[in-house]
Amino acid sequence: MAIEGTNSVTRSSAISDHADTFAGMPSQSQRPITSGQRRLEGKRVAMVVLSGYPADPRPRRAAEALRNEGMEVELVCVANHTKATGACSNGIDVVRLPIKHARGGKLSYMYEYSAFLAAASAILAVRSLTRHYDLVYIHNMPDVLVMSSLVPKALGAKVILDMHDPMPELMMTIFQLDQESRGVQLIRRFERWSLGLADLVVTVNIACKRMFGARSCPPEKIGVVMNTPDRQIFPFRAPRVRAAAKNGQAKPFVLMYHGSLLERNGLDLAVDALAKIQESVPAVELRIYGATTPFLERVLDSVRSRGLQDRVHYFGPKRLEELVPAIEDCDVGVIPNHRNAFTEINTPTRIFEYLALGKPVIAPSTPGIQDYFNKDSLYFFTPGNSDDLAKQIEYVFLNPTDAMEIVARGQQVYLAHTWEQERETLVNLVSELLHGSNSH
């Protein structure tokens with residue numbers, strides 16, 4: 001990963017200039033919107049999502065993007081810890097259903113999906129009799145939530161299905177199912193039927209578009225709108241060389257993991273890697289952020305049994321705003337995924353969150369990530385291989401200047417996919433669907 005010295009200076013200067021420009025831009029919510037800019041003025045959309053609002057960022061940002069373009073937005077979601085009544089949230093009419101959204105076994109998933117689908121379908125059907133929906137916007141999971149759009153669609157509404165996750169791959173990973181099993185084959189048939197019912201499919205990255213296009217619907221029917229950080233929460237920071245130790249004391253070299261603490265996301269690999277480098281990186285520590293799970297408890301038991309409790313620290317779940325100072329205080333973000341059907345095609349938003357704040361990232365060499373990054377813009381390790389992860393951590397520690405240059409090029413990828421740009425893609429897709437290709 002050696003970098004030419006002259007090119008390094010040029011790239012660092014370029015990214016700093018870009019950062020200054022980017023930091024001065026007003027956000028979409030701050031920009032004044034004239035009537036000529038509101039491409040969807042007077043249109044009405046019903047949005048359905050089996051998660052909480054506004055806690056789930058992708059549906060929230062999609063709803064706000066459409067509202068800011070003049071649409072009347074109604075959203076049906078689960079209540080979770082919010083009072084289960086209708087309310088107006090940030091200009092959006094929200095109906096919260098008293099259905100608990102939580103991970104569980106197969107029967108738990110089936111009950112939750114069925115109950116929510118029935119309730120959402122009834123709400124949209126009844127409301128369609130008294131108001132005209134121009135658009136129904138469905139967020140998976142599950143894919144079959146698109147059935148809640150049947151009555152509005154029959155009355156003329158267009159339908160978007162936003163595929164956050166591919167259900168066959170996720171269920172294979174969660175329940176250890178074979179891809180040829182009857183359950184997975186049934187889920188794939190539901191996927192094909194659901195995508196066929198939609199007028200437009202939106203998904204999160206190139207890998208998912210490629211996969212859905214190969215097995216379930218024409219590629220030209222699929223648009224990509226990535227999950228990237230909210231710039232109002234994650235301000236852009238130019239990369240900085242790690243500060244030297246003071247007073248002869250070893251400065252902690254901080255690894256950070258934040259996100260879902262599930263086995264597929266590989267926190268155990270990060271702990272294994274830390275154990276392998278505690279001699280070569282004597283001040284290394286791992287900081288963990290996320291809601292507790294049985295898997296986390298098993299990992300922390302392993303930490304204690306290996307005598308690593310002074311190096312591994314769990315800080316619990318944090319709001320996005322609280323994660324910003326934690327990222328700014330770390331030296332490298334780790335995405336320590338195991339190799340499985342789901343992580344192969346995933347592009348974790350956490351990568352962009354670390355890069356936005358100027359931090360190097362070590363991530364698995366999977367198609368979902370390598371569609372956007374190469375070895376000159378991100379540090380890669382072999383998925384599931386703690387030895388390789390340990391080598392990459394050690395390399396970042398020993399080569400701080402190189403790390404700064406890698407981050408600078410990774411930030412160029414991030415700047416090509418900011419939410420402002422992804423938001424514009426989404427609005428254009430919706431405008432074309434409702435008005436035709438000459439709408440903008």
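All values derive from a computational prediction rather than experimental measurement. When reading the values below, keep in mind they use all heavy atoms of this one structure, side chains included, and skip hydrogens, waters and symmetry mates.
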Item to check | Derivation of the side-chain contact (heavy atoms from CB on, under 4.5 Å) call for I92 and R60 | outcome: CA-CA 10 Å; I92 294 167; R60 173 178 57 80; over 6 Å; no
Checklist entry - Does S377 offer a backbone N or O that forms a donor-acceptor pair with the side chain of N374 under 3.5 Å? => result yes
Next on the checklist: Quick check against the 3.5 Å criterion: does T293 have a side-chain atom that pairs as donor or acceptor with the backbone of L296?
Outcome noted: yes
Checklist entry - Judged by atom type as modelled, is there a donor-acceptor pair below 3.5 Å linking the side chain of Q421 to the main-chain atoms of T418? => result yes
Checklist entry - side-chain contact (heavy atoms from CB on, under 4.5 Å) between Y53 and R96: does it pass, once the steps are laid out? => result CA-CA 8 Å; Y53 182 90; R96 295 183 172 92; 4.1 Å; yes
Checklist outcome for this item: Closest non-hydrogen contact found for R350 with G259 is CD-CA, 4.3 Å
Checklist entry - Counting heavy atoms not belonging to K209, are there more than 12 under 6.0 Å from its NZ? => result yes
Next on the checklist: Using a 3.5 Å distance criterion without hydrogens, assess whether the side chain of T228 forms a donor-acceptor pair with backbone atoms of H417.
Outcome noted: yes
Next on the checklist: Working to the nearest 0.5 angstrom, can you tell me the gap between I406 CD1 and Q411 CD?
Outcome noted: 12.0 Å
Next on the checklist: With no hydrogens and no angle check, just 3.5 Å: does a side-chain donor-acceptor pair link S365 and Q370?
Outcome noted: no
Checklist entry - Between P360 and Y379, which heavy-atom pair has the shortest distance, and what is it? => result CB-CE1, 4.2 Å
Checklist entry - Taking S114 for the side chain and Y111 for the main chain, is one N or O donor matched with an acceptor at less than 3.5 Å? => result no
Checklist entry - Between the side chains of N340 and T343, is a donor N or O closer than 3.5 angstrom to an acceptor N or O? => result yes
Next on the checklist: Any non-hydrogen side-chain atom of F116 less than 4.5 Å from a side-chain atom of V76?
Outcome noted: yes
Checklist outcome for this item: Between the CD1 atom in I138 and the CG atom in L161, the distance rounded to the nearest 0.5 Å is 7.5 Å
Checklist entry - Which heavy-atom pair separates P98 from A79 by the least distance, and what is that distance? => result CA-CB, 4.3 Å
Checklist entry - Quick check: does any side chain N or O of E405 sit under 3.5 Å from a backbone N or O of D402, one acting as donor and the other as acceptor? => result no
Item to check | Donor-acceptor under 3.5 Å (Y137 side chain, A62 main chain) | outcome: no
Checklist entry - Have N205 and T347 got a donor and an acceptor in their side chains that come within less than 3.5 Å? => result yes
Checklist outcome for this item: Separation between CZ (R67) and CZ (R38), nearest 0.5 Å, reads 9.0 Å
Next on the checklist: Checking W193 against V146 for the side-chain contact (heavy atoms from CB on, under 4.5 Å) test, could you report, in this order, the C-alpha distance in whole Å, the side-chain angles of both residues, the deciding distance, and whether it holds?
Outcome noted: CA-CA 10 Å; W193 180 85; V146 75; 4.0 Å; yes
Item to check | Flag, side chain of S305 to backbone of S302, donor-acceptor distance under 3.5 Å | outcome: yes
Next on the checklist: Is there a side-chain contact between I222 and T203 in this structure, where contact means two heavy atoms from C-beta onward sitting under 4.5 Å apart?
Outcome noted: yes
Checklist entry - Any idea how F236 and Y414 line up, ring-wise: parallel (<30°), tilted (30 to 60°), or perpendicular (>60°)? => result parallel
Checklist entry - Can D162 and R58 be counted as an ion pair, charged N to O under 4.0 angstrom? => result yes
Checklist outcome for this item: Note: L267 and P336 closest approach over all heavy atoms is N-CG, 4.2 Å
Item to check | Nearest-0.5 Å distance, CG of residue L323 to CZ of residue F315 | outcome: 11.5 Å
Checklist entry - Can you list the steps and then say if D143 with R192 is a salt bridge (charged side-chain N to carboxylate O under 4.0 Å, His left out)? => result CA-CA 9 Å; D143 306 343; R192 187 177 302 111; over 6 Å; no
Checklist entry - Would you call R39 and E69 a salt bridge, taking side-chain N to carboxylate O under 4.0 Å as the test? => result yes
Checklist entry - Would you say the side-chain atoms of R287 pair up with the backbone N or O of Y314, donor to acceptor, closer than 3.5 Å? => result no
Item to check | Heavy-atom pair with the smallest gap, counting every atom of V324 and P235 | outcome: CG1-CD, 4.4 Å
Next on the checklist: salt bridge (charged side-chain N to carboxylate O under 4.0 Å, His left out), that's the test. Do D371 and R210 meet it? Break it down for me.
Outcome noted: CA-CA 11 Å; D371 280 335; R210 187 164 54 236; 2.9 Å; yes
Checklist entry - Side chains of D301 and R304: closer than 4.5 Å at any heavy-atom pair? => result yes
Item to check | Close side-chain approach of V271 to L308, heavy-atom, < 4.5 Å | outcome: yes
Checklist entry - Are a donor atom and an acceptor atom from the side chains of E263 and H338 found within less than 3.5 Å of each other? => result no
Item to check | Rounded distance [0.5 Å steps], CD1 in I369 versus CG in N346 | outcome: 7.0 Å
Checklist entry - How far apart are the C-alpha atoms of I327 and M256, what are their side-chain angles, what is the distance that settles it, and do they pass the side-chain contact (heavy atoms from CB on, under 4.5 Å) test? => result CA-CA 7 Å; I327 293 175; M256 181 172 168; 3.5 Å; yes
Next on the checklist: What I'd like to find out is whether the side chain of N265 reaches to under 4.5 Å of the side chain of F342, using heavy atoms alone.
Outcome noted: no
Next on the checklist: I'd like to know whether E191 forms a salt bridge (charged side-chain N to carboxylate O under 4.0 Å, His left out) with R189, so could you lay out the CA-CA distance, the side-chain angles of the two residues, the decisive distance to 0.1 Å, and finally the verdict.
Outcome noted: CA-CA 5 Å; E191 175 188 276; R189 283 196 288 272; over 6 Å; no
Next on the checklist: Is it true that H258 and Y354 share a donor-acceptor pair across their side chains at a distance under 3.5 Å?
Outcome noted: yes
Checklist entry - Are M211 and P166 side-chain neighbours, meaning at least one heavy-atom pair lies under 4.5 Å? => result yes
Checklist entry - Heavy-atom distance under 4.5 Å between the side chains of P364 and F380, does that happen here? => result no
Next on the checklist: Strictly below 4.0 Å, N to O, side chains only: are R298 and D268 in salt-bridge contact?
Outcome noted: no
Checklist entry - Is the shortest side-chain N to carboxylate O distance from D329 to K359 below 4.0 Å? => result no
Item to check | Test: E394 and K276 ion pair at under 4.0 Å | outcome: no
Checklist entry - Are any of the side-chain heavy atoms of L186 and F190 separated by less than 4.5 Å? => result yes
Checklist entry - Is R61 close enough and on-axis enough to W419, meaning under 6.0 Å and within 45°, for cation-pi? => result yes
Checklist entry - CG/L378 to CZ/R409 distance, rounded to the nearest 0.5 angstrom? => result 11.5 Å
Checklist entry - Between A207 and I345, what is the shortest heavy-atom contact and its length? => result CB-O, 3.8 Å
Next on the checklist: Using a strict threshold of under 4.0 Å (side-chain N to carboxylate O), is an ion pair present between E169 and R215?
Outcome noted: yes
Checklist entry - Any donor and acceptor pair, going by atom type alone, linking the side chain of Q392 with main-chain N or O of L389 inside 3.5 Å? => result no
